Structures are given as structure tokens and as C-alpha cells.
Amino acid sequence: MAAEPQKFGLFIGGKWVTPKGTQRFSTRNPATGEELASFVAGRPEDVTAAVSAAQKAFPEWRATPAPKRGEILLRAAAVLRERKEEVGRIVTREMGKVIAEGRGDVQEAIDFIEYMAGEGRRLAGETIPSELRSKFCLTVRQPKGVVACITPWNFPTAIPNWKIAAALICGNTIVFKPASNTAYCGAEVVKVYEAAGVPPGVLNFVTGSGAIVGNALVADPRVRAISFTGGVETGRDVYVRGAQQLKMVHLELGGKNPEIVMDDAELPLALEGVLFGAFGTSGQRCTATSRLILHEKIYDEFLKMLVERVDRFVVGDPMDPKVDMGPVASADQEKKILEYIAIGKKEGGRLVRGGTKLTGGPYEKGFFVAPTIFETKHGSRLSKEEIFGPVLSVIKVKDYAEAVRVANDVDYGLSSSIYTRDVNRAFRAMDELEAGITYINAPTIGAEVQLPFGGVKNTGNGGREAGSAAIDEFTELKTVFVDFSRRLQKAQIDPR
Ligand code: UN1
């Protein structure tokens, strides 16, 4: 039985509020069309109120010792662990990834919050020698102030937490805007921090469109940094607008991630890798394997193995543990993916499997696209543009050099993978693949929270999140010189 849709307000200054006269929007289950929850369509004045609350809370949060902030984070991790199953199911119901992945999304959030809680007892600066006598030099980390976290729908609890937990431990206060179609997950994340005792105004939550809420956040001069994960076009726009106010803009954008399978690869292992990489989360990961680059010697054999497995792939209700792949996240997603499939056909790719919307029976009310495999030529749009769906381009190459050339010849560089048993080649690939992440004998997905995450080229603007890099994202480094010589010493000028 469908539960009564919940109604959420905004979370501003420690209170759930529904400002007068607001309009609402709802999120729906992409597998069934069921309405899940409704939210306030935030307006610029709501953003102003949220930023004011964050600004007001900042001095006290900044002054709270980082280990104390860490204790609150640890409580948040405990609350989320307690609620893992419940929130994992909300993830699956709201964005359609299969339930094992819904739980994984939440686990990634828990892992990261715990990792950042520990950072409260580090937050390390450096001590560096002075060129002068009786002078001591060091760096300390200070929070940036009010920061905006703008997050996507594909990891609706993990990615918000990558940003929120890191920003909090560093002493920043936050306005968090989730993707509209996973606002329910976003609200649950906020409830976790509320239950953990984050003080009022430290974490604020404003739902609504990017055009209104996102833009108002970017425009507010009090917001000193913006951490954005999403599409390239929006990311570029946020970057340009942020630049006008010299804001720090952190971007995590698209990918066109290759899995290379060499002729000496362990083929069954590479097969498991590509299935998980290409069709996990219905291909809707920035790290999804969207290109399979096969050595010509194993091309026919591997493609046959792949097709046999895909033919047995179960697409359906993502809540059913026997299902391999759920729906795509929304009508917009479905439309875009089907458009790319049409492009693939038109430009002469050979459709090997899938290529259709699934209809009838369990698919009737949802957005289901069959797992799709195209044989493509490198250079075609399908082989170079991000699709963000269960569509895999297969490309034949004659040797390692060509594989790397093809792998690198795209506008993105997030993740990459090579399957080979040649250790020298594996190390070469580690060096030569143009990407922020390279996996050897493992798929392009599966990042762990204690390592930096991010990419090169159009995937971002040079920053990394997760790992200790997350601390760089959310702090200013202050350099301190302490002169205890009791005289004026002149660097570069005093006799050496
Ligand atoms: C993303 O798709 O934006 O490595 C994040 C992975 C996940 C995170 C993906 N742990 O695929």
C-alpha cells in the first residue's frame, strides 16, 4: 500500500518552516510513478533567510573545537547507521537504483561522516622553518564561512554527505540544496544531522529549482564557496557566475569512462567489471563505464560473453533483490537516453542489444530502458558524449597504444580502468590514462571515501573531494610567522 506522501518544509535556523505563499513540488518513484513526498519550491528570499541563518551561526560553530564538531559527526554517523535500511529504501524508491546499491549509497555516507569525524582530531597544518633566527612559521586551517552544497540525484545520500560532513568538520556553516527529484533523500540527510545535535543555523536546507535556488545561492555575496556536483553545462554556469565574485567553486562534472580489456586479461573478471560498471545504477554514475575498449584478439569472444550475460540480465522492481537493474531516475533521463540511442543508430553504430524503452507489465508506470550495447567507431557521438544511462559503446582497437589513445581522446577524465595481467603494462596505464582515477583489474566504479575523488579536463576545475583533499576544499590556509627575536628581522634583506 502506498504510504501517504510526506510534506517537508525548508530547514532554516534549526527549524522546519514553510514560508507563506510557497508553491510545492513532489518527488515520485521512477519505477512506479507513486508520489513520495512534497517540498517547498524555494524562492530567492528563502535563500536569503537560509544564508542569514548560516551566517549568524558561523562564529559559534567556528569557535567550537574541531574534535567537538567531530563528536557531533560521529553521532550523525551512528544515527544514519541505525536508520541505514530505512534510508536505503528511500534512496531506492526515490531514484531507482537497486536496493543493494541503495544501502551502499547510505553506507558510503556513513563511512565518509566517520572518516571526517576523525579529521576533527587532525585538521593538520604544517610547521615550516624560517630563514631567520628565532622565528617560527606555521600554517593553520580556518573555515571559509558560509558554503553552499549543491548536489545531484544519482548518489542522493552519499554525495551530500561528502560535502556536508567535510564542510562541517572544517567549521563552515552550510546551505544545502539537493537535486529536486531526490529532495526526500536530502531531507533525510538533514534529519540525521538534526538528530545528532548540529546547532541551529549550522546546516540549512532549501529545496527548489537550480534556476531559482541555485542561482540565488551563487549570487549571494555572503556565500564564500560553492561545492557543486552535476552536469557540465550547469557547472560551467556556476563557475562563471561564482568567478564574478571570486568565490571558490568546486566542480564535479561528467565522465566518459573507459574500461580497456587487453588480450591477456582475465576475461571472466573483466566481464563482471563491465557489467557492474556499465549497468550499475542504470549507468547513471559519473564514474559509469560507458566505453568498452577491446583488443581485437579477444573482441569477438568477449562481446559474445557480454551479450550472453546481458540477455540474462533482470530489469525490474529495484526493491526486489533478484533484480540486476532498476529504472532510470526520471522522465527527463529516459528521454535523453532514448535520444542518444536514436543518435547511435543514425550515425551507424551496430545495436547489439537493448536500445528500447521497456513497456507493459511491471514496466508500465516506470522509466525503464533496456541495457544497451552498441558497437561503435571511436569518434562517433555515442563514443564521446556523456549519456548517463545504461548505454555501452564497444570499440575495437589493435593494441595497447591505440587503446590508450582512444581512451584519452574525449573531453572528460574522471575514471578509467584496464584489465591486463602484464604488470608493466598496468603501471604504464596508471601513468598514461588521462583521468583522476585509474583502476587496474577493477571496474570504473567503486571509489572509497578515504581517497580523493575527481577528474581532469571537463570533469572539473582541478579540485578533489573525499579523502584528505576534502579538507583543502573547505578550508583557508592561514600562514603564521612568530618572531621571538625581539628585533625587526627582514626576510630576504638581512645579511645572510
Ligand atoms: C558519482 O557517480 O558521482 O565510485 C559518484 C563510485 C561511487 C561514487 C560515484 N563510489 O562509483
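We count residues from 1, following the sequence as given. Note that ligands are numbered from 1 as they come in the structure, with each ligand's atoms numbered from 1 the same way. Everything quoted here is computed from the prediction, not taken from an experiment.
- Contacts with ligand 1 closer than 4.0 Å are made by no heavy atom of Glu448, backbone or side chain.
- Salt bridge Glu34/Arg93: present, at least one basic N to carboxylate O contact under 4.0 Å.
- Checking only distances, Trp162 never comes within under 3.5 Å of ligand 1, N or O to N or O.
- Remark: Glu82 CD is loosely packed, at most 12 non-hydrogen atoms of other residues, nucleotides or ligands lying under 6.0 Å away.
- Annotation: Glu108 places an N or O atom under 3.5 Å from an N or O atom of ligand 1; distance criterion only.
- A salt bridge links Glu339 with Lys335: the distance from a Lys NZ or Arg NE/NH1/NH2 to an Asp or Glu carboxylate oxygen falls below 4.0 Å.
- Between Glu385 and Lys256 there is no salt bridge, since none of the side-chain N atoms of the basic residue sits less than 4.0 Å from a carboxylate O of the acidic one.
- Among all non-hydrogen protein atoms, the one lying nearest atom 11 (O) of ligand 1 is Thr287 OG1, 2.6 Å.
- With a 4.0 Å heavy-atom cut-off, ligand 1 is reached by no atom of Thr229.
- Residue contacts with ligand 1 leave out Thr281, since none of its heavy atoms falls under 4.0 Å from the ligand.
- Within the 4.5 Å cutoff, the side chain of Ile164 has heavy atoms near those of the Tyr193 side chain.
- At a threshold of 4.0 Å, the pair Glu259-Arg291 does not count as salt-bridged, since none of the basic side-chain nitrogens sits closer than that to a carboxylate oxygen.
- For the side chain to side chain contact (heavy atoms under 4.5 Å, CB included) with Glu252, the lone residue among Phe453, Trp162, Phe228 that qualifies is Phe453.
- Using a distance-only test at 3.5 Å, with no hydrogens or angles considered, a donor-acceptor pair links the side chain of Glu347 to the main chain of Arg381.
- Atoms of ligand 1 lying under 4.0 Å from any heavy atom of Asn154, numbered from 1 in the order shown and given with element: 1 (C), 2 (O), 3 (O).
- Near Gly446, meaning under 4.0 Å from one of its heavy atoms, ligand 1 places the atoms 4 (O), 6 (C), 11 (O).
- Between Phe8 and Phe39, the ring-plane angle classifies as parallel under the 30° and 60° cut-offs.
- Closest to atom 4 (O) of ligand 1, if we only count protein heavy atoms, is Ala447 N, 2.6 Å.
- Close N/O approach between Arg285 and ligand 1 is found [any backbone or side-chain N/O within under 3.5 Å].
- Remark: ligand 1 and Phe155 share no N or O pair separated by less than 3.5 Å (distance only, no angle test).
- For atom 2 (O) of ligand 1, the nearest protein heavy atom (residue, atom name, distance) is Cys286 N, 2.8 Å.
- Interface of Ile159 with ligand 1, defined as ligand atoms under 4.0 Å from a residue heavy atom, comprises 3 (O).
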